[in-house]
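The structure appears right after this line, and notes come after that.
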Amino acid sequence: MAGEQARDPLSYLWAPLCAVGSHGERPNAQICVAVFGASIVPDRPRVLVGLWKENHTHDLVARAGTLAVTLLSAEQSTLLAPLGLRSGRERDKLEGIEHRLTRAGDPYLPGGTGYLAGEVIESFDWGDATGYLVAVRERARLTADEPLFWRDAAPLLPGSFVSTFQEKSARDQAAARRVMIWRDG
Ligand SMILES: Cc1cc2nc3c(=O)[nH]c(=O)nc-3n(C[C@H](O)[C@H](O)[C@H](O)COP(=O)(O)O)c2cc1C
């Protein structure tokens with residue numbers, strides 16, 4: 001369409017912005033767009049969650065074997081920086097952020113559209129990341145808000161977010177390039 005930039009088809013495959021949480025000594029959460037429905041059997045719901053190995057949450061999920069996924073609402077775009085640009089390895093990222101814990105002890109954010117939580121039943125090594133196949137054990141709608149997509153959130157984010165995100169992405173991509181499973185075509 002005139003005046004509109006054509007979108008990369010891959011960009012439509014990003015899930016709504018989610019906060020994926022797990023726990024060790026304390027709960028932690030990170031932003032994630034690699035969350036996919038992975039079951040056709042209604043009473044056996046599964047999701048596949050892709051977490052990069054550099055992330056603290058990745059290691060927490062590997063150890064705890066459980067996670068929670070909150071679908072963020074538009075109001076929660078302010079959480080993209082604290083949960084998506086910084087690591088919880090050295091700090092309590094959830095301090096000052098309203099959250100609740102699932103039965104397993106994983107954090108979800110009550111201001112979100114909804115949440116689901118469950119148990120890892122298989123892990124797939126992608127080299128740079130792990131795909132966690134999760135059996136969903138609990139889920140609920142939290143608010144009447146619709147989920148938030150990156151394409152809608154991105155134009156509204158401050159310049160300070162964009163510059164930090166670009167620098168972090170360049171570092172993350174270089175690290176992923178070194179170890180990712182890939183075959184040149
Ligand atoms: C918009 C956005 C999308 C992201 N998507 C993913 C993703 O799909 N998977 C992932 O592992 N990290 C993703 N991240 C990066 C993590 O949220 C980020 O590295 C975070 O600081 C990790 O925190 P942790 O070390 O406390 O786990 C995304 C970040 C942003 C801002």
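Quick caveat: nothing in here was measured; it's all calculated off a predicted structure.
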Output the distance between atom [atom1] ([X]) and atom [atom2] ([Y]), rounded to the nearest 0.5 Å.
{"X": "E122", "Y": "L48", "atom1": "CD", "atom2": "CG", "result": "11.0 Å"}
{"X": "E138", "Y": "L116", "atom1": "CD", "atom2": "CG", "result": "9.5 Å"}
{"X": "K168", "Y": "F161", "atom1": "NZ", "atom2": "CZ", "result": "10.0 Å"}
{"X": "H23", "Y": "L67", "atom1": "NE2", "atom2": "CG", "result": "11.0 Å"}
{"X": "R100", "Y": "E98", "atom1": "CZ", "atom2": "CD", "result": "6.5 Å"}
{"X": "Q30", "Y": "N55", "atom1": "CD", "atom2": "CG", "result": "4.5 Å"}

Exercise. Check the hydrophobic clustering (I, L, V, M, F, W, Y; side-chain heavy atoms under 4.5 Å; chains of links allowed) and say if L133 and V136 are grouped together.
Key: no
Quiz item: Are any non-hydrogen side-chain atoms of T66 and T102 less than 4.5 angstrom apart?
Solution: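 In short, these two side chains do not touch, never coming nearer than 4.5 Å.
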Quiz item: Taking the side chain as C-beta and beyond, is there a heavy-atom pair between D59 and R89 under 4.5 Å?
Solution: yes
Side chains of residues 32-46: which donor-acceptor pairs under 3.5 Å do they make with residues two or more places apart or in other chains?
residue : atom : partner : partner atom : Å
S39     : OG   : V41     : N            : 3.1
S39     : OG   : V41     : O            : 3.3
S39     : OG   : R44     : O            : 2.7
R46     : NE   : A38     : O            : 2.7
R46     : NH2  : A38     : O            : 2.8

Quiz item: D125: what forms a side chain to side chain donor-acceptor pair (under 3.5 Å) with it, not counting sequence neighbours?
Solution: K53
Self-check item: By side chain to side chain donor-acceptor pair (under 3.5 Å) - contacts of H58 (at least two apart)
Solution: T130, Y132
Please find the pair of heavy atoms, one from [X] and one from [Y], that lie closest to each other, and give the distance.
{"X": "G88", "Y": "R26", "answer": "O-NH2, 3.1 Å"}
{"X": "P27", "Y": "G105", "answer": "CB-O, 4.4 Å"}
{"X": "S22", "Y": "V61", "answer": "CB-CG2, 3.6 Å"}

Quiz item: Do W126 and D128 meet the criterion of a side-chain donor-acceptor pair at a distance under 3.5 Å?
Solution: no
Quiz prompt | Hydrophobic cluster of L60, others only, ordered by chain and residue number, side-chain cut-off 4.5 Å | solution = none
Residues 148-159 side chain polar contacts: donor-acceptor under 3.5 Å, at least two apart:
none

Counting only pairs under 3.5 Å, give me each side-chain donor-acceptor contact of residues 69-86, with atom names and distances, residues two or more places apart or in other chains.
residue : atom : partner : partner atom : Å
T70     : OG1  : L109    : N            : 3.0
S73     : OG   : G111    : O            : 3.0
Q76     : OE1  : S73     : N            : 3.0
S77     : OG   : A74     : O            : 3.3

Quiz item: T57 side chain to G21 main-chain N or O, any donor-acceptor pair under 3.5 Å?
Solution: no
